[in-house]
2 protein chains.
Amino acid sequence: MSKNLKKGRPDILDRVTPLFARLGYNGVSMRDLASAVGVTPAALYYHFKSKDELYTQAISRVFEQKTSAAKAIMNDEQEPGEKLQIFIAWFVRALNKDKDFRKLLQWAMLDTDSKRLKKLTKNTFQDLFGTIKNIGESFRQQYDPHLLAVSIIGLVLYHAESSVTQQKLSSEKLGQDNAETIARHITALLENGLLTH
Amino acid sequence: MSKNLKKGRPDILDRVTPLFARLGYNGVSMRDLASAVGVTPAALYYHFKSKDELYTQAISRVFEQKTSAAKAIMNDEQEPGEKLQIFIAWFVRALNKDKDFRKLLQWAMLDTDSKRLKKLTKNTFQDLFGTIKNIGESFRQQYDPHLLAVSIIGLVLYHAESSVTQQKLSSEKLGQDNAETIARHITALLENGLLTH
DNA sequence: GTCTATACACAGATAGAC
DNA sequence: GTCTATCTGTGTATAGAC
């Protein structure tokens with residue numbers, strides 16, 4: 001009967017995820033979430049036993065989705081440099097296109113106190129991280145794979161944050177730093193470094 | 001008279017900052033903050049007109065502190081590579097030593113909706129960013145200074161997040177990734193890149 | 001499966017005594 | 001300058017009608 005609600009839980013998660021992404025767990029109330037879905041809070045409690053569960057399910061759905069997408073473009077046998085470039089291009093695009101993904105990732109990294117995300121992080125994000133670390137293994141003669149994986153994530157993630165969010169920290173207009181520009185920059189930086197060879 | 005309160009507002013900020021850093025603005029209540037200070041909420045409202053002002057002052061104090069520290073180690077006339085190395089070493093150390101600084105920075109980057117941090121970010125963080133971008137100028141023949149600055153910040157910041165927070169994403173124990181290890185890694189990566197020359 | 005109505009704890013904030 | 005006491009709104013969550 002419900003107006004625009006297709007099925008139930010999946011549709012609820014669709015509508016609830018952007019709110020969690022933008023405002024974080026503590027930044028939204030069940031009333032907010034319910035009105036975004038188009039129902040009353042009580043209706044939400046029929047489908048999810050608590051706000052915590054609603055949040056956990058919303059975020060885990062997004063993460064699993066992205067992780068499997070990442071794996072899908074990587075499982076071929078490419079040479080390391082190419083692999084790296086492909087992954088970076090995908091990751092930059094994924095973070096730029098799907099703002100929810102990026103924000104939920106950031107919120108997750110701040111969610112230390114409540115243990116609700118510890119399992120989640122270990123299940124889904126670790127998976128993504130493992131994929132990246134795999135790439136790092138190819139360069140283990142030069143760098144520690146773990147540190148290199150962290151470097152790659154940091155580069156991409158922070159560029160995504162800086163380009164899309166409110167931060168207008170550049171005095172020069174850099175309107176078109178779209179995904180491609182950023183991806184090229186990161187790839188070049190990683191490959192060549194700062195020295196002129 | 002107050003038990004351990006030295007003066008007033010500065011001491012309050014000292015005690016309140018760690019809470020904001022750990023839990024974020026929405027994660028703490030005035031009651032929590034007051035009891036951390038050792039007073040009642042009403043006492044806090046005598047010194048600060050709102051929770052918002054208390055938060056803004058707490059975070060801006062930390063940022064200004066760090067920004068001036070960053071400038072202090074940079075204003076010499078060093079050559080670009082050296083400058084970069086010195087800055088990275090300092091930044092990594094600052095983020096690792098001062099957990100509050102790092103966390104407040106993360107929270108700030110997620111604080112899009114409320115405009116309370118827009119001015120703050122533009123005043124203090126922009127200052128720090130400008131310093132970094134200055135370094136980037138030295139490499140402008142290779143890279144866009146803005147993008148390079150973002151890259152540097154992303155590298156350092158994310159390493160700090162990963163090494164100190166709950167994220168145990170490495171299967172191999174990497175106990176001693178202290179500031180020095182990370183700084184060396186980042187510096188080497190930036191200077192040499194991934195290619196074996 | 002969604003509603004109305006509501007319980008009850010806690011939020012930010014203020015008044016006025018001391 | 002800090003307190004007690006309290007106002008008022010909002011928070012999560014539930015009971016029970018439909």
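Predicted, not measured: the structure shown is a model, and the values here were computed from it. First the proteins, then the strands, lettered A, B, ... as listed; each starts at 1.
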Point to revise | Test: B/Arg61 and B/Asp14 ion pair at under 4.0 Å | key: yes

Check your understanding: With sequence neighbours left out, what residues match B/Glu82 under side-chain contact (heavy atoms from CB on, under 4.5 Å)?
Key -> B/Gln78, B/Glu79, B/Ile86

Revision key, fill the gap. Taking C/dT4, D/dT4, C/dA11 as options, the one with an atom nearest any side-chain atom of B/Thr40 is D/dT4

**Study point:** B/Asp98/B/Arg93 salt bridge by N-O under 4.0 Å criterion
**Key:** no

Practice item. Check whether any side-chain heavy atom of B/Phe20 lies under 4.5 Å from a side-chain heavy atom of B/Leu33, and answer yes or no. Key: yes

Review point. Given D/dG11, is OP1 or OP2 found less than 4.0 Å from the side-chain N or O atoms of A/Arg31?
Key: yes

**Study point:** Short side-chain donor-acceptor distance under 3.5 Å, A/Asp32 and A/Ser29
**Key:** yes

Check your understanding: Rounded to whole angstrom units, what separation is found between the CG atom of A/Asp52 and the C1' atom of D/dA13?
Key -> 14 Å

Check your understanding: Roughly, in whole Å, what's the span from CD in B/Glu53 to P in C/dA13?
Key -> 11 Å

Review point. Picking from D/dG1, D/dT4, C/dG12, which would you name as closest to the side chain of B/His47?
Key: D/dG1

Practice item. When you get a sec, tell me which of D/dT2, C/dT2, D/dT12 is the closest nucleotide to the side chain of B/Tyr46? Key: D/dT2

Exercise for review: Map A/Ser50 and B/Pro41 onto DNA chain D by nearest heavy atom, then report which one ends up closer to the 5' terminus.
Suggested key: B/Pro41

**Study point:** Interatomic distance where CG belongs to A/Asp11 and C1' belongs to C/dG1 [whole Å]
**Key:** 14 Å

Study note, to complete from the structure: Testing C/dA11, C/dG1, D/dT14 for proximity to the side chain of A/Ala42, the answer is D/dT14

Check your understanding: Between D/dG11 atom P and A/Leu23 atom CG, what is the distance in whole Å?
Key -> 12 Å

Practice item. For B/Val28 and for A/Ala43, locate the closest nucleotide of DNA chain C by heavy-atom distance; then report the residue assigned to the nucleotide nearer the 5' terminus. Key: A/Ala43

Revision key, fill the gap. Looking only at D/dT14, D/dC3, D/dG11, the nucleotide nearest the B/Val39 side chain is D/dC3

Review point. Can you tell me how far P of D/dT10 sits from CE of B/Met30, to the nearest Å?
Key: 18 Å

**Study point:** Residue-phosphate contact under 4.0 Å: A/Tyr45 side-chain N/O, D/dA13 OP1/OP2
**Key:** yes

Exercise for review: Assign A/Ser29 to base, sugar-phosphate, or nothing according to its heavy-atom contacts below 4.0 angstrom with the strands shown.
Suggested key: sugar-phosphate

Review point. Atom OH of A/Tyr25 to atom P of D/dG11: distance rounded to whole Å?
Key: 13 Å

**Study point:** Between C1' of D/dT14 and CZ of A/Phe48, the distance in whole Å
**Key:** 18 Å

Exercise for review: Quickly work out the A/Lys51 NZ to D/dT14 P distance and round it to whole Å.
Suggested key: 15 Å

